[in-house]
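Excluded from the calculations below are hydrogen atoms, water molecules and symmetry mates; all remaining heavy atoms, backbone and side chain alike, are included.
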Amino acid sequence: MLLVAKVYSPVSSCLLHVIDNNTGEELPRVFQRVEPHVYQHNQRGYTFVAEAHTPDTPLVGAKWRMRLIGSCDLPDLAREAPLNNFSVKEFRDYYIPNDRNVICRYSVKVTADHAGTVQFQTSKPDVHIRLSVLDHEEVVASNTGKGHVVIPVYHFHPSNPASCGPPQADGKQSQEEARVIGSTQGGGGQEGMAMETPHLTDQTQNQPHAQTQPPMETMGHKYIVVAEVLHKSWALDNSQMAFVHTLRELERNEMKVHGEKHEDPATPVSGEAQSSEGQKSSTPKGSRKGKGDKDKDKPPAKPGSRMETSLDQSKPYWTLRVVSDQCDAEVIEVRKDTERLDEIRAMKQAWETAEPGRCIKALQSRLQFINKLLSGANADTPTDGTESGEPAIHSQSPDAHMSPSNQELALLSQPDPSQHHLPMDYTPFIRRQQEVPVLKDQVMEEAQRRERFEQIQGFRLVRDTVLEHRRQEQANRKELKRRQLEMYDGLQVALGVQRQKVLAAREVFRNRLLEAELHRQEEEEMALEAARQVELEKNAAQQPSKQAKSASKKK
């Protein structure tokens with residue numbers, strides 16, 4: 001059927017998306033409006049997703065209206081009331097550039113068929129980004145944008161098919177397919193308003209949904225949401241790069257095995273803030289379990305720490321939102337993809353378990369090597385009473401019974417007293433040609449002078465050759481210019497001769513035509529004169545006869 005869909009809202013920036021649920025493709029738009037389209041019969045129907053963005057504050061009591069216009073019987077909605085109550089899972093973090101241009105990766109797991117909208121926004125509005133949904137590292141949905149990108153709707157299938165239970169009936173399945181997920185747009189203290197309608201399904205649908213699924217349905221699904229920077233469009237200044245270096249150092253510290261012993265694997269990486277403005281978020285605040293009341297004695301996190309729940313908006317950051325039905329919020333789970341990091345941590349933990357104290361031994365060996373180098377450069381530098389520049393970690397101290405993580409932090413925080421008295425190493429700036437220095441005598445000076453003279457003579461010879469070549473080229477250019485002028489003069493003379501020939505032939509032809517015309521005119525005049533003469537003779541012959549007739553009548 002031919003159908004026109006329109007949405008009306010008090011928000012000016014309101015956009016309507018129409019998605020074919022069979023193919024997952026969005027219907028084309030003209031000037032940000034859905035064009036009139038002939039909706040074909042399909043099995044899963046169509047999903048209508050409306051999004052709006054309020055730049056300042058959300059409108060209180062604002063209402064929206066969607067209108068479907070058709071020339072025949074209009075389609076039926078898959079559910080009576082449209083879906084406009086959503087659960088928003090929001091994640092925020094700072095942008096850290098990398099070689100793969102990947103901003104973030106988040107895994108999505110669902111226990112039942114679930115539809116969701118994925119949004120991504122950057123703090124810099126002119127960044128070209130691509131948002132993709134991967135299933136077993138294969139792109140199943142993707143969209144690009146500038147500063148903000150939305151995948152209007154994607155139907156996630158359970159990661160474990162056995163947890164779904166038996167397939168549903170046709171009518172119930174179509175009702176499950178009818179749940180449309182809306183999208184909200186906003187960031188940096190701004191909040192979006194979602195305006196949604198359910199998708200349309202055909203009442204003649206009789207086939208079960210399981211028959212339309214790919215073979216991957218039997219092996220489960222593994223969804224990853226990936227955001228990437230395109231065309232290297234997110235450039236950072238010096239202050240932002242310094243902040244990024246700090247974040248990278250924090251990430252390196254998080255990779256330490258001993259720093260992860262008491263961390264709950266289910267706890268997502270800190271720095272992902274909960275959604276504000278009263279929206280529900282499934283991402284907990286960054287916390288560590290199993291530490292008891294020790295966290296109360298810790299100082300507050302420094303600026304730029306990944307333990308913060310609120311980000312500094314003056315720094316480069318991004319926002320990821322996964323919007324779904326409020327009623328099925330417990331069905332979907334979104335968390336940071338740390339599979340690779342978990343593998344590395346598990347490997348390090350296995351090494352530490354197989355060889356306890358391996359990390360501390362490696363750190364001690366590294367510090368011993370560094371101190372040996374420092375003591376060799378400056379033998380007068382004291383080494384805190386240790387022999388051979390060996391670090392003071394072997395001495396008995398109250399910190400001997402500290403945990404490995406605290407020991408490493410203490411070792412890293414110890415200042416090196418020799419680093420302030422190290423002599424300047426000038427060897428990189430000394431130019432050397434031989435390993436063993438040689439005394440420069442008169443013979444060597446004469447040889448060097450002769451070598452320089454030969455080089456100068458060679459340079460002069462090359463210069464003279466180049467100058468001679470340039471003079472020859474200049475003479476050739478002058479000769480070529482002279483020949484071109486002669487050729488042009490010859491062409492002008494030849495053109496003049498040809499022009500005279502053409503003009504002479506034209507004059508002869510013109511004179512011939514004039515003579516013919518004059519001869520024709522003379523012939524016409526002679527013919528007219530002859531006709532006039534004949535007419536006069538005829539009139540003269542008729543005159544006596546008229547006179548005779550008139551005389552006879554008088555008698």
Is there a donor-acceptor contact under 3.5 Å from the side chain of Arg100 to the main chain of Val102?
-> no
In plain terms, say whether Glu228 and Arg130 are close enough for a salt bridge, that is, a side-chain N and a carboxylate O under 4.0 Å apart.
-> yes
Does CZ belonging to Arg482 count more than 12 external heavy atoms closer than 6.0 Å?
-> yes
Shortest non-hydrogen contact from Val110 toward His157 = CG2-O, 3.2 Å
With a cut-off of 6.0 Å (strictly less than), are more than 12 heavy atoms of other residues, nucleotides or ligands near NZ of Lys315?
-> yes
Examine distances only and state if a side-chain atom of Asp337 and a backbone atom of Arg105 form a donor-acceptor pair shorter than 3.5 Å.
-> no
Minimal non-hydrogen separation, Gln240 against Ala235, with atom names | OE1-O, 4.2 Å
Of all the heavy-atom pairs spanning Thr144 and Val149, show the shortest one and how long it is.
-> C-CG2, 3.6 Å
Tyr95 and its ring-ring contact (aromatic ring centres under 6.0 Å, His included) partner, picked from Phe243, Trp234, Trp318 | Trp234
May I have the step-by-step check of salt bridge (charged side-chain N to carboxylate O under 4.0 Å, His left out) for Glu473 and Arg470, ending in yes or no?
-> CA-CA 5 Å; Glu473 287 184 346; Arg470 290 181 178 177; over 6 Å; no
Count the heavy atoms of every other residue, nucleotide or ligand shown that sit under 6.0 Å from CE of Met526, and state whether that count exceeds 12.
-> no
Side chain Ser13, main chain His53, donor-acceptor under 3.5 Å | yes
Ionic contact status for Lys222 with Glu339, cut-off 4.0 Å = yes
In terms of heavy-atom contacts, does CZ of Arg471 have more than 12 from other residues, nucleotides or ligands at under 6.0 Å?
-> yes
Using a strict cut-off of less than 4.0 Å between a Lys/Arg side-chain nitrogen and an Asp/Glu carboxylate oxygen, indicate whether Glu35 and Arg33 qualify as a salt bridge.
-> no
Apply the test side-chain hydrogen bond (donor to acceptor under 3.5 Å, both in side chains) to residues His519 and Glu515: give CA-CA distance (whole Å), side-chain angles for both, the deciding distance (0.1 Å), then the verdict.
-> CA-CA 6 Å; His519 183 68; Glu515 290 177 359; over 6 Å; no
Leu495 side chain near Arg499 side chain, heavy-atom distance below 4.5 Å | yes
Given the side-chain rings of Tyr223 and Phe156, with only the six-membered ring counted for Trp, is the space between their centroids under 6.0 Å?
-> yes
Residues Lys89 and Ala329: closest non-hydrogen pair is NZ-O, 3.4 Å
Give a yes or no on whether Asn238 atom CG has more than 12 heavy-atom contacts from other residues, nucleotides or ligands under 6.0 Å away.
-> no
Heavy-atom closest contact (Gln326 atom, Phe86 atom, distance) = OE1-O, 2.8 Å
Pair Ile332-Val108, side-chain contact (heavy atoms from CB on, under 4.5 Å): steps then yes or no | CA-CA 7 Å; Ile332 184 171; Val108 179; 3.8 Å; yes
Do the side-chain N and O atoms of Asn21 and Asn42 include a donor-acceptor pair separated by under 3.5 angstrom?
-> no
With a 3.5 Å cut-off and no angle check, do the side chains of Arg44 and His155 form a donor-acceptor pair?
-> no
Is a salt bridge present between Glu523 and Arg520, judged by a nitrogen-to-oxygen distance below 4.0 Å?
-> no
Which heavy atom of Ile129 sits nearest a heavy atom of Ile103, and at what distance?
-> CG2-CD1, 4.0 Å
Using 4.0 Å as the upper bound for N to carboxylate O, is an ion pair formed by Glu529 and Arg532?
-> yes
Sub-3.5 Å donor-acceptor pair from the side chain of His231 to the main-chain atoms of Val127, do we have one?
-> no
Does Ser9 use its side chain to pair, donor to acceptor, with the backbone of Val11 at less than 3.5 Å?
-> yes
Below 4.5 Å, heavy atoms only, C-beta onward: do Met1 and Pro75 meet side chain to side chain?
-> yes
Look at the side chain of Ser233 and the backbone N and O of Val229, then say whether any donor-acceptor pair between them is shorter than 3.5 Å.
-> no
Crowding at CG, Asn539 (>12 non-hydrogen neighbours, <6.0 Å) = yes
Does Asp135 use its side chain to pair, donor to acceptor, with the backbone of Glu138 at less than 3.5 Å?
-> no
Side chains of Glu26 and His17: donor-acceptor distance under 3.5 Å anywhere?
-> yes
